[in-house]
Amino acid sequence: MNTTIDFQALPTPSYVVDETLLRRNLEILKSVKDQTGCKILLAQKAFSMYHFYPLVAEYLDGTTASSVHEAQLGHEEFGKETHVFAPAFKQEEMEALLPIVDHIVFNSPNQVKLYAEMVKNGPRPIEIGLRVNPELSTQDHALYDPASPFSRLGTTSVNFDESQVELLDGLHFHTLCEQGSDALEATLVAFEEKFGKYLRGMKWVNFGGGHHITKEGYDIAKLVKIVNYIKEKYDVQVYLEPGEAIALNAGFLVASVLETTYNQMNLAILDTSATCHMPDVLEMPYRPFIIDSGEADEKAHTYRLGGQTCLAGDVIGDYSFDEPLQPGDRLIFTDMAIYSMVKNTTFNGIQLPAIAAHTVKDGTKVIKTFGYEDFKSRL
Ligand SMILES: *Cc1c(COP(=O)(O)O)cnc(C)c1O
């Protein structure tokens with residue numbers, strides 16, 4: 001990963017996002033827009049570092065939100081189009097959303113029935129969509145599969161209410177997670193078969209997120225072909241709302257080694273934590289990469305890396321290094337812009353990482369630090 005971030009200058013722990021790496025992704029996404037006329041939204045649940053929203057807004061068309069708070073953030077800091085989806089909305093959430101959003105995607109015919117009138121009489125024109133469930137699983141990771149059996153996410157074809165078609169401006173589906181355009185292609189076959197007939201006459205279709213567009217090897221030509229096919233066949237605007245792809249590999253988590261110890265193997269305790277600062281390591285689960293490290297036993301000195309919390313399983317993984325770890329050594333975790341700062345917690349009162357930006361103009365700069373009040377104010 002090519003970055004000129006001055007990792008030594010940063011406090012630890014801190015997340016740092018690199019403008020140049022972010023732009024690299026955004027250029028790729030922009031090229032998809034240019035070849036298809038599709039609109040691309042930032043799914044804020046993956047990346048809400050609004051410091052960079054003006055930069056992202058140079059390339060993309062708006063944001064999508066999973067809640068009132070995310071919608072408000074997108075509206076305030078990004079501008080352009082603000083979209084929102086939730087499995088169900090409360091009356092007071094709808095009241096908060098109506099003045100700030102452009103699209104509301106409902107999860108069920110009943111939610112459409114409850115709120116369509118309110119939306120139509122709202123203070124601004126808002127387009128109404130329905131999230132549908134193509135019921136085709138293209139992955140076997142149930143935690144991240146909205147098309148899995150018994151899923152609450154999206155209206156299945158048997159539950160679709162044809163009498164509501166004229167209330168709907170568009171359809172939305174979201175079933176992918178870190179997947180290629182072949183999975184999208186398969187999903188669209190199911191989508192068209194079940195819902196294609198309703199799409200004719202609507203204004204748009206939203207393909208959701210989970211498109212790993214900026215990952216090396218993603219078949220962009222196929223995505224372009226698919227988007228253009230749907231656009232032309234149904235005469236609709238296509239939206240994509242990736243989260244991960246926008247800031248993939250654009251950020252790092254910098255941590256320090258605090259202590260090394262031994263219990264049948266070398267252990268190292270860091271000032272970062274899997275459970276607090278990179279919860280997807282445990283939830284997904286996955287093994288993040290650390291710069292200049294190897295797999296266990298690949299290099300001379302292998303350590304099991306863990307955090308400061310009292311959770312026994314707060315373990316990041318086993319890594320090997322050329323030299324023995326020493327207190328004060330810095331470890332740089334890669335791909336830490338996404339699903340990191342949006343998901344972290346202060347469990348155990350653990351310090352939240354600072355947030356830093358690395359830009360061409362200003363170099364490496366801490367833009368946010370956290371302290372006791374951030375911990376206390378939530379309790
Ligand atoms: C999570 C989610 C996204 C973004 O997903 P990524 O995997 O980060 O691209 C987009 N839309 C909806 C409805 C989502 O739930």
Side-chain angles (χ1 to χ4, degrees), residues 17 22 25-26 28-29 32 38-49 52 56 59-71 73-74 78 81-89 97 101-108 111 128-134 137-139 141-148 151-155 170-181 183-184 187 191 204-215 218 220 223 227 238-251 278-280 283-284 286 335-343:
V17 174
L22 199 52
N25 290 339
L26 292 164
I28 294 170
L29 296 169
V32 172
C38 78
K39 291 189 178 180
I40 303 186
L41 310 171
L42 163 68
Q44 296 178 89
K45 80 164 195 260
F47 182 70
S48 301
M49 186 179 171
F52 279 121
V56 179
Y59 300 83
L60 305 187
D61 300 282
T63 56
T64 189
S66 320
S67 60
V68 173
H69 290 166
E70 281 188 356
L73 187 68
F78 196 107
E81 294 183 26
T82 304
H83 295 217
V84 65
F85 161 81
F89 292 102
L97 290 169
V101 301
D102 301 289
H103 284 208
I104 299 183
V105 175
F106 293 108
N107 193 50
S108 65
Q111 287 271 300
I128 295 179
L130 179 72
R131 176 166 174 174
V132 296
N133 184 344
S137 289
T138 51
Q139 51 169 321
H141 198 174
L143 184 61
Y144 297 102
D145 183 6
S148 60
S151 173
R152 72 188 183 290
L153 300 167
T155 298
L171 296 177
H172 175 291
F173 66 83
H174 168 76
T175 62
L176 307 184
C177 179
E178 298 190 337
Q179 283 170 280
S181 38
L184 175 62
T187 299
F191 168 80
W204 49 264
V205 57
N206 187 322
F207 292 177
H211 317 283
H212 232 176
I213 302 167
T214 52
K215 192 185 163 142
Y218 183 95
I220 291 179
L223 174 68
V227 170
V238 174
Y239 283 90
L240 305 176
E241 47 178 36
E244 176 144 357
I246 286 159
L248 186 70
N249 290 317
M278 42 183 125
D280 272 353
E283 213 174 280
M284 189 103 182
Y286 82 104
D335 197 18
M336 283 291 167
I338 48 174
Y339 293 107
S340 55
M341 55 190 106
V342 289
K343 287 189 95 172

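From a predicted model like this one, the values you see are computed outputs, not experimental measurements. Here, residue 1 is the first one in the sequence, and each next residue gets the next number. When a ligand or atom number is given, it counts from 1 through the structure's own listing order.
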Give a yes or no answer on whether the side chain of [X] reaches the backbone of [Y] with a donor-acceptor pair at less than 3.5 Å.
{"X": "N25", "Y": "I246", "answer": "yes"}
{"X": "N107", "Y": "R152", "answer": "yes"}
{"X": "R131", "Y": "V105", "answer": "no"}
{"X": "E81", "Y": "L41", "answer": "no"}
{"X": "E241", "Y": "A65", "answer": "no"}

Distance under 4.0 Å to a non-hydrogen atom of [X]: what atoms of ligand 1 satisfy this?
{"X": "P242", "result": "9 (O)"}
{"X": "E244", "result": "6 (P), 8 (O), 9 (O)"}
{"X": "A43", "result": "3 (C), 4 (C), 10 (C)"}
{"X": "R131", "result": "13 (C)"}

Starting from [atom], which protein heavy atom do you reach first, and at what distance in Å?
{"atom": "atom 3 (C) of ligand 1", "answer": "K45 NZ, 3.4 Å"}
{"atom": "atom 8 (O) of ligand 1", "answer": "Y339 OH, 2.6 Å"}
{"atom": "atom 12 (C) of ligand 1", "answer": "E241 OE2, 3.5 Å"}

Are H174 and F85 close enough that some pair of their side-chain heavy atoms sits under 4.5 Å apart?
no

Flag side-chain contact, heavy atom, 4.5 Å: K215 against E178
no

Is there a heavy atom in [X] that sits closer than 4.0 Å to ligand 1?
{"X": "G210", "answer": "yes"}
{"X": "Y144", "answer": "no"}
{"X": "E178", "answer": "no"}

Is the ring centre of F207 less than 6.0 Å from the ring centre of Y239?
no

What about G243: any of its N or O atoms under 3.5 Å from an N or O on ligand 1?
yes

